[in-house]
Structure formats: C-alpha cells, structure tokens
2 protein chains.
Amino acid sequence: MRREIVWLVGVLAIVLAEDNYLFETKYIDVPLDHFSFTQDTKFKLRYLINDTYHEEGGPIFFYTGNEGDIKNFARNTGFMYDIAPQFSALLVFVEHRYYGESLPFGNQSYSSIDKLGYLSSQQALADFVYVIEALQEQYAYNKREKNLPVIAFGGSYGGMLSSWIRMKYPSSVLGAISSSAPIWQLGGLTSCEIFNRITTSVYASFGTDKCTNGITNVWKAIRSFTKTPEGKANLTSTWNLCSPIKTQADVDQLIDWAAEVLVNMAMANYPYPNSFLVNLPAYPVREFCNKLNSHKWNEEYGLLVAVVDALGIYTNYTKTAKCNNINVTSPSVSDEGWNFQSCTDMIMPMCSESSDMFENTDWNFQQYSDTCYKQFKVRPRNLNVPLLEYGGKAIEAASNIVFSNGLLDPWSGGGVLGNINDRVRAIIIPNGAHHYDLRGKNDLDTDDVKYARNFHVRKIKEWLREYYRDPQVNVI
Amino acid sequence: MRREIVWLVGVLAIVLAEDNYLFETKYIDVPLDHFSFTQDTKFKLRYLINDTYHEEGGPIFFYTGNEGDIKNFARNTGFMYDIAPQFSALLVFVEHRYYGESLPFGNQSYSSIDKLGYLSSQQALADFVYVIEALQEQYAYNKREKNLPVIAFGGSYGGMLSSWIRMKYPSSVLGAISSSAPIWQLGGLTSCEIFNRITTSVYASFGTDKCTNGITNVWKAIRSFTKTPEGKANLTSTWNLCSPIKTQADVDQLIDWAAEVLVNMAMANYPYPNSFLVNLPAYPVREFCNKLNSHKWNEEYGLLVAVVDALGIYTNYTKTAKCNNINVTSPSVSDEGWNFQSCTDMIMPMCSESSDMFENTDWNFQQYSDTCYKQFKVRPRNLNVPLLEYGGKAIEAASNIVFSNGLLDPWSGGGVLGNINDRVRAIIIPNGAHHYDLRGKNDLDTDDVKYARNFHVRKIKEWLREYYRDPQVNVI
C-alpha cells in the first residue's frame with residue numbers, strides 16, 4: 001500500500017487545459033540552507049506572478065507551492081484569480097524547492113542524500129518568506145507602512161504549508177486559506193485506516209453496495225487469478241497492460257495501481273468534467289460504479305473484466321490510451337520528491353482494515369523505515385518530530401487560518417474539521433472532493449462550495465480590515 | 001568599538017559563588033541539523049536538572065541557555081529556584097549548542113565553517129524543543145494528558161530565545177519570561193547609538209556631570225598621550241597593563257577594553273555586592289564615579305590617573321589582580337561563539353555619537369562584514385533575515401510572553417518596553433540593571449524588582465490556570 005504516493009499523484013499531475021489563468025514566470029536566488037551557515041550556496045526558485053489586478057496597497061495572494069510543477073497549481077487554483085479583482089490583489093504562486101524547475105542542483109538534485117537532504121518543509125517555508133520579503137521590496141509602494149498584507153493559499157500539502165507559514169511566520173503572512181490540508185494525518189494523530197474508510201464511503205454513497213463489494217472482492221480475485229504464469233498472461237491481456245505482469249512484485253504493483261486509481265477518482269469527484277488529475281467526467285466515482293454495476297459477474301474472471309472496464313472511466317475517458325501502464329496513475333508525475341519527504345518528516349501512517357474495500361494492510365513503521373533506507377539512505381525520524389515542529393493538535397495559539405475540507409475527500413480524515421478558536425476556523429464542504437474550493441468557479445458548482453468560498457472571502461476581508469486599521473503594528 | 005562582544009562578556013563570565021543552586025548534570029543526543037537531512041549526525045547537549053520541588057503534573061521551568069557555560073546561568077537565575085516550590089516545578093537549564101560542554105565536534109567545533117556553521121539560533125531552539133519532548137516522555141506521569149506545561153525563562157540572548165521559543169513552538173512552550181532581551185536591537189530596528197546613550201545616562205544619574213565629563217575626555221587623552229613611544233610606555237606603567245601597548249591597534253584595544261568595563265559596570269549595577277561578571281561592590285557605577293570624582297585633574301595625565309584608579313572598582317575590587325589585561329574584561333570568557341553569531345544572524349548595529357560619553361564611531365555594515373569574513377569566512381546575511389525569522393516589531397500574533405527590562409540596562413534600548421497586546425506584556429524595572437529580576441532574592445532588592453518578580457509569578461499562574469482548565473487542547 002503506497003497511499004503516501006497516491007496523494008502526490010493526486011495533487012501533482014494536473015493535465016493543463018485552463019490557459020485562461022495567466023502569469024509571468026520569474027526566478028529568485030534563495031539560500032540553499034536557511035538555518036545553518038556551513039555554506040553560502042543559493043539556487044534559483046521559480047515563481048509565477050500576475051499583477052493585472054494589483055493596485056497600490058492591495059494584498060499579495062500567495063500560493064505556497066506543493067510537491068510538483070507550480071504551473072499546474074496556478075492553473076488549478078482559479079479561486080485566487082476569481083477573487084483577485086475585488087481585493088486588488090497581486091497573485092503569486094511560488095514553487096516548492098526540489099520540484100518543477102526549482103532544482104537546487106539541476107538534474108543532480110536527487111542523485112545523493114547530501115544534495116537531496118535540503119528538501120524539507122521548513123526550508124520550503126523559509127524560501128517562501130524570502131520571496132515575500134523580495135516582493136515587499138518591489139511592490140510596497142508606501143515605504144512608511146512597508147509591508148503589503150499577505151494572504152497564503154494552498155491545497156493539500158500546499159494547504160499544510162499555507163497554515164504552517166502563518167503559524168511560524170505571522171509577521172510575514174497575515175492569514176491563510178488552507179484547503180484539504182491533512183495536517184493531522186502526520187505522525188499518527190489520525191488512525192491509519194481512516195483514509196481508506198472514507199474512500200470506501202465515497203464509493204458506497206455514489207454507487208451501491210454492489211460497487212464496493214465488487215471492489216472488495218477484486219483484490220482476492222487478482223491474486224487468485226495470477227497464481228499461475230498463464231493467469232498472469234491472461235490478466236495482462238484482459239486488463240490491456242502495457243507491460244506483462246510476471247512476478248509477485250508485479251501483481252503487488254498492479255493492485256497498488258488499481259487502488260490508487262480508485263482513490264484518485266474520489267479525490268477528483270467534482271460535479272463537472274475536469275482535468276485535475278487526468279481527463280475525467282463529472283462525478284467519476286458515480287460513473288465508475290454505474291459502469292461496474294452494469295456488469296454481471298458470478299466468478300473471478302467476470303469481476304476482473306467488470307472492474308477493468310469500469311476503471312476505464314479514469315484510465316481512458318478520452319479513448320486515446322493504448323494500454324494501461326501500472327507505474328503511472330497520472331501523466332507527468334515525478335513522485336520521488338514526495339516519497340523522500342514521506343521518508344523524512346512528512347510521515348503519514350496508512351493502513352487498511354476489513355471494514356473498507358481495500359486489501360488489508362498493516363502500518364509497520366520498521367518496514368516503512370527499511371524501505372526508505374533502501375531508496376534514499378535515510379530513515380524517518382521519530383514520528384513526533386513534525387508534531388513538535390508544527391504543533392500537532394495543539395495549535396490553539398495560532399490565528400487567522402481557515403481550514404476547509406470536503407467530506408468526499410479521503411484526506412479529510414486527517415484534516416482540521418472543527419474550529420480551533422475564534423480565529424482558526426474550520427469549514428466543511430459536505431459534497432466536496434480534494435481542495436474543490438480552490439478551483440475556479442463553475443456553473444455546476446454545488447451550494448456548499450459556494451458557501452465555503454464566500455466564507456474565505458469574508459475572513460480575508462476581516463483580516464485585512466484589521467490590518468489596515470492598524471498597519472503600523474504589522475510593519476517590520 | 002566591539003559592543004557586540006561586551007554583551008557576551010556581560011552574560012557569560014559569571015564568577016561562581018552561589019553554590020546553593022543545586023542541579024544534576026545530564027546529556028542528551030540531539031540532531032546536528034534539525035532542518036535538513038543531508039546527514040544523521042547527533043551530538044551531546046548538556047542540561048542541568050533539579051526535581052527536588054517537582055510533583056506530579058507540576059510545570060517544567062525551562063531555562064533557554066545563552067552564549068556560555070550553562071552552569072553559570074543556572075547559578076545566576078535564582079528566581080527560578082525561589083519560585084519553584086510554590087509551583088511544584090521541575091527545574092531545567094539547557095545549554096546552547098557550541099557553548100560550554102555542548103560542542104558538536106569537540107575541540108574542533110570552531111575549527112572551520114563546515115563545522116561551526118551549525119551554530120544558529122534556529123538550531124538551538126530546535127534543540128530545546130527536542131529536550132522538552134524527552135522530558136515530557138520522562139516526567140509526564142499521566143499519559144492521557146501527556147504534556148506538562150513548560151514555562152521558558154531566559155535573560156539577555158537567553159531571553160530572546162525564551163520569547164522566540166514561545167513564538168515558534170507554542171505547542172511545546174506555554175509561556176515565556178523574557179528578561180532584558182533586546183530582540184529589537186537586531187537588524188537596525190533600534191538606532192545604533194541608543195546603547196551607548198543609555199550607558200551614559202546611567203553614569204550621569206549615579207555620578208555627576210564631572211564623572212561623565214571625565215569619561216568623555218579620557219579617550220582623547222589616551223590618544224594624545226600615546227602618540228609617542230614614550231607616552232605608550234608611560235601609560236602602560238600608569239595603567240599597570242599586563243602587556244605593553246606598542247601599536248595603534250593596541251591603543252584601540254585599550255580604549256575598547258575600558259569602554260567595555262564601563263558598560264559591564266552598568267549591566268551589573270545591582271544594589272548589592274555581586275559576582276555576576278566579576279566581584280563588584282553594590283552599585284559599582286556609583287562607586288566608580290565617587291572614586292573618579294575624588295580626584296582632581298586639570299591636565300591629561302591627571303585624568304588618566306583618575307580614570308584607571310576608578311576602573312579599579314571593576315578590575316581589582318578584591319585587590320588580587322596583578323595587572324590589567326586589556327584582552328579580557330571578565331574571567332573565563334570565550335567570546336568566539338557569540339562573535340560568530342554576531343556575524344551571521346544576530347547582527348546588532350552599534351555606534352556612538354557626540355551626545356554620549358564614548359568615542360564617536362559609525363555603524364559601517366561593509367566594514368563589519370569584512371571583519372566577519374576575515375575571522376570566520378562568513379558574511380552576515382541581509383539585516384532583515386532575523387527580522388523575517390522572528391517577526392521584528394510585528395509580534396502581535398504572539399501570546400503568553402512577559403518582556404521585562406531594567407532601565408539602567410544598556411540593553412533595554414533594544415528591548416520591548418510597551419505591551420504588545422493583552423497576552424504579550426512588558427514590564428519596566430526603573431532601577432534595574434541587566435536581567436536583575438532573574439537573580440535570586442536579596443535583602444537589598446529594590447521594590448521595583450520585587451514587583452516585577454510578582455508580576456512574573458502572577459502571569460505564570462494565569463497561563464497555568466488556563467492550561468489546566470483545558471489540558472486536552474494542549475496535548476500533542
């Protein structure tokens with residue numbers, strides 16, 4: 001089970017269609033190591049900027065980039081573009097180090113731990129603060145009241161970063177909209193099975209018991225069917241795989257892939273066709289279950305045929321795929337970076353129990369650690385480390401953050417679902433999938449996401465009102 | 001002018017007499033680099049602990065160590081011992097990395113920038129948080145309500161750290177008593193001449209105009225008198241110097257030394273004899289001025305004789321010094337670490353103007369940077385860096401901090417002298433010198449320091465009451 005990868009796939013590999021979200025690409029030299037002085041190395045961090053709507057004194061809307069190419073996030077965070085005009089906001093999207101083009105050592109960045117080791121959330125946050133400072137220098141017109149107010153936005157891991165940058169650097173960032181940010185998935189704060197349980201309930205509510213039963217049974221069917229070389233060959237053909245499955249590891253990989261596809265459909269289960277992960281119809285989970293349920297099966301092979309047909313909703317919606325590549329669930333994915341982060345501080349224990357539709361898997365820290373060591377020559381630190389750094393559940397000293405979560409999002413289980421205090425608010429989008437509220441507006445939007453977006457706007461206005469009332473105290 | 005060193009001297013070199021402050025010495029392995037993963041190195045950090053007063057559920061009183069041997073700070077922070085019984089508190093004093101015995105690379109720790117570069121305030125704060133976590137594991141008896149509340153204490157740079165650890169790690173630290181912490185001396189937030197102006201006013205108020213005039217004129221007298229080799233030899237003899245002054249650099253050094261001694265007397269200008277820096281009488285500034293004023297001088301030489309006699313209040317109060325060593329203003333000083341920190345992030349611009357009693361000196365960043373590069377092969381980053389990291393003047397998002405400052409303390413100019421909000425309070429000790437309130441109680445204590453200590457106790461009680469009322473929200 002590689003659920004830590006699924007998430008990456010989810011937020012990273014966005015097929016780009018929305019070219020109406022314009023920006024200019026820029027680069028800034030940032031220190032490789034913000035916290036020590038053993039070296040003075042800098043590298044080029046990429047950021048995207050749009051000052052079309054910006055007027056003097058207007059805020060900076062600052063997207064804290066996730067684990068992927070920043071352009072994809074800019075093009076899938078239409079909400080910031082939608083509300084920029086009413087705030088006269090400067091739009092900025094900053095790439096996370098070690099992703100996209102922001103590679104400190106070029107194509108050698110991942111080659112060894114002494115290069116890759118500077119990939120950490122703390123360093124990334126310090127990069128962002130560094131960029132904010134540079135923007136202030138450039139855009140703060142009235143030098144007496146130097147700083148423009150900065151509102152951070154982010155979804156998923158980017159949402160975690162947007163909440164953390166407000167917690168850690170409140171003088172640089174006035175407030176944060178943190179969408180679908182599973183900050184409590186870290187370090188075992190949330191039971192490891194919740195992710196898969198939520199995914200299952202999404203399939204149950206958009207499909208029927210027949211749908212979840214089919215999925216529940218398909219894993220055993222795959223394992224049983226592929227026991228022999230002939231079975232493996234047969235499944236390779238039935239499932240139209242690009243490379244034949246030959247070993248037990250291949251079978252494991254096939255199962256991981258199919259599970260990831262199912263999770264991705266839940267994450268992208270929006271009410272309109274979208275290209276968030278791949279090209280998908282509206283409510284792909286419903287489509288999947290409809291397709292699955294349209295089949296009849298009373299034995300292994302029938303179920304296998306039904307499932308791969310239904311998976312086609314995801315794998316071949318555009319009818320252009322030649323075969324199924326079980327190493328990829330979304331194009332242009334490079335998940336090595338997130339895997340590394342999952343092996344260092346961003347450890348999110350995952351497991352699967354008999355109450356969900358996935359194969360049973362335990363959370364085994366030692367095994368996880370061994371895998372990490374094999375891949376990166378690092379072992380995760382104590383699970384508590386990220387909790388110490390970012391406060392775990394004890395975040396009541398924070399302020400000016402909105403945590404939003406869609407209840408159809410498997411990641412919502414690790415999210416902040418209740419208000420922390422008057423100034424750290426949680427908002428629920430019952431019909432929302434993964435950071436739905438950050439997407440641009442759409443005619444088919446549900447009422448709850450509209451409400452959430454209005455809530456964000458209201459909160460940002462409150463923070464800004466307070467800031468403008470007494471800007472002096474916010475001046476560095 | 002090396003005012004950045006003066007401070008170190010001030011807080012570091014404490015002559016130890018107070019052996020009634022008992023503790024046990026322990027060590028803990030902490031990561032060398034908390035923010036990157038290029039290596040997995042750990043080193044032994046020293047801490048001192050006293051659980052005599054601790055009872056189940058009682059708080060941890062946690063001293064965030066300064067730039068020096070932690071034992072000296074434990075022995076000069078009697079306030080924590082004085083109030084521990086009423087709180088049933090566990091007392092802990094944690095050494096700052098690269099000082100005392102907490103040397104990551106042993107006696108090679110300062111040998112090159114690739115070793116010394118891990119000396120930074122951020123790494124030190126992360127060390128402290130790491131120690132807190134280990135203490136929680138060991139001392140939190142009731143595992144359901146896991147964490148014991150932690151109150152951070154610190155004076156001077158340690159006070160800066162105690163306020164910052166609350167700002168940056170509020171889930172680990174409930175509140176902070178930050179005494180004489182010049183967090184606004186950083187990065188040019190405070191005019192560079194204020195430090196010397198306050199020092200001057202202390203001499204004016206404890207002495208007379210004659211005293212400050214004498215000091216104001218002595219610098220020119222030294223320079224004029226030492227123009228010739230004969231003059232240098234004559235002053236060496238008159239001032240009983242351990243090594244003869246021979247060069248212009250020696251003369252500069254002599255002036256720096258004398259200025260540092262004057263500043264140190266202001267910092268340790270307590271109402272009772274003390275051994276904070278060296279053995280000193282009560283109100284050493286008054287004694288200095290009395291002694292100086294007892295002389296008559298109408299020419300250069302007479303003034304030089306008068307000043308060195310008066311400096312004897314500091315340099316030879318115990319009548320045991322054989323000669324004056326102008327390289328040292330306090331025994332057991334090792335200021336290399338603080339010099340390094342002053343050359344990286346802890347840059348505190350200092351200068352002297354005609355309105356104070358010191359020689360005029362400009363603040364020259366380029367020259368400062370060049371000196372740093374010569375000594376350590378580092379240059380200070382942009383002055384704004386520490387402001388970005390710790391918020392500069394924009395700290396209104398913080399909570400549960402008391403900033404205390406004695407107005408007789410030269411460092412108070414860079415301190416927080418007014419309330420920031422309801423939960424970040426400032427308290428002034430009009431007759432107080434450098435972190436006077438953290439010292440153990442004394443029969444000769446002034447009323448204002450008693451008031452300040454009571455204020456600290458009241459605030460700590462408030463924070464604890466709130467914590468115990470709803471401990472669940474504070475559990476990681």
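Below, chains carry the letters A, B, ... as their sequence lines are ordered, and counting in each starts from 1. The basis for the numbers below is simple: all heavy atoms, side chains too, and nothing from hydrogens, waters or symmetry mates.
Rounded to the nearest 0.5 angstrom, A:Tyr169 OH and B:Lys168 NZ are separated by 4.5 Å. Residue A:Asn384 holds its CG atom at 10.5 Å from CD of B:Gln136, rounded to the nearest 0.5 Å. Here OG of A:Ser36 is found 9.5 Å from NE2 of B:His34. Values are rounded to the nearest 0.5 Å.
Interface remark: A:Arg379 contributes no atoms to any contact with chain B (heavy atom separation under 4.5 Å). Neither the backbone nor the side chain of A:Arg423 comes within less than 4.5 Å of any heavy atom of chain B. Interface remark: A:Asp345 contributes backbone and side-chain atoms alike to the contact with chain B (heavy atom separation under 4.5 Å). No part of A:Phe376 comes within reach of chain B, as not one of its non-hydrogen atoms sits under 4.5 angstrom from that chain. Proximity to chain B is absent for every atom of A:Leu116, based on heavy atoms less than 4.5 angstrom apart.
Surrounding OH of B:Tyr373 are at most 12 heavy atoms belonging to other residues, nucleotides or ligands under 6.0 Å away.
Comparing A:Gln123, A:Glu389, A:Arg166 by heavy-atom pairs within less than 4.5 Å of chain B, the highest count is held by A:Glu389. Here B:Gln122 is the residue among B:Gln122, B:Lys115, B:Gln39 with the most heavy-atom pairs under 4.5 Å with chain A. Between chain A and the residues B:Val129, B:Thr344, B:Ile420, the most heavy-atom pairs under 4.5 angstrom are made by B:Thr344. Here B:Arg381 is the residue among B:Arg381, B:Met167, B:Lys377 with the most heavy-atom pairs under 4.5 Å with chain A.
Taking every heavy atom of both residues into account, B:Ser171 and A:Gly391 meet most closely at OG-CA, 3.1 Å. In this structure, B:Ile113 and A:Phe37 approach most closely via the heavy-atom pair CG1-O, 3.3 Å. Closest heavy-atom contact between A:Ser172 and B:Leu388: OG-CD2, 4.2 Å. Nearest heavy atoms, B:Asp114 versus A:Thr38: O-CG2, 3.4 Å.
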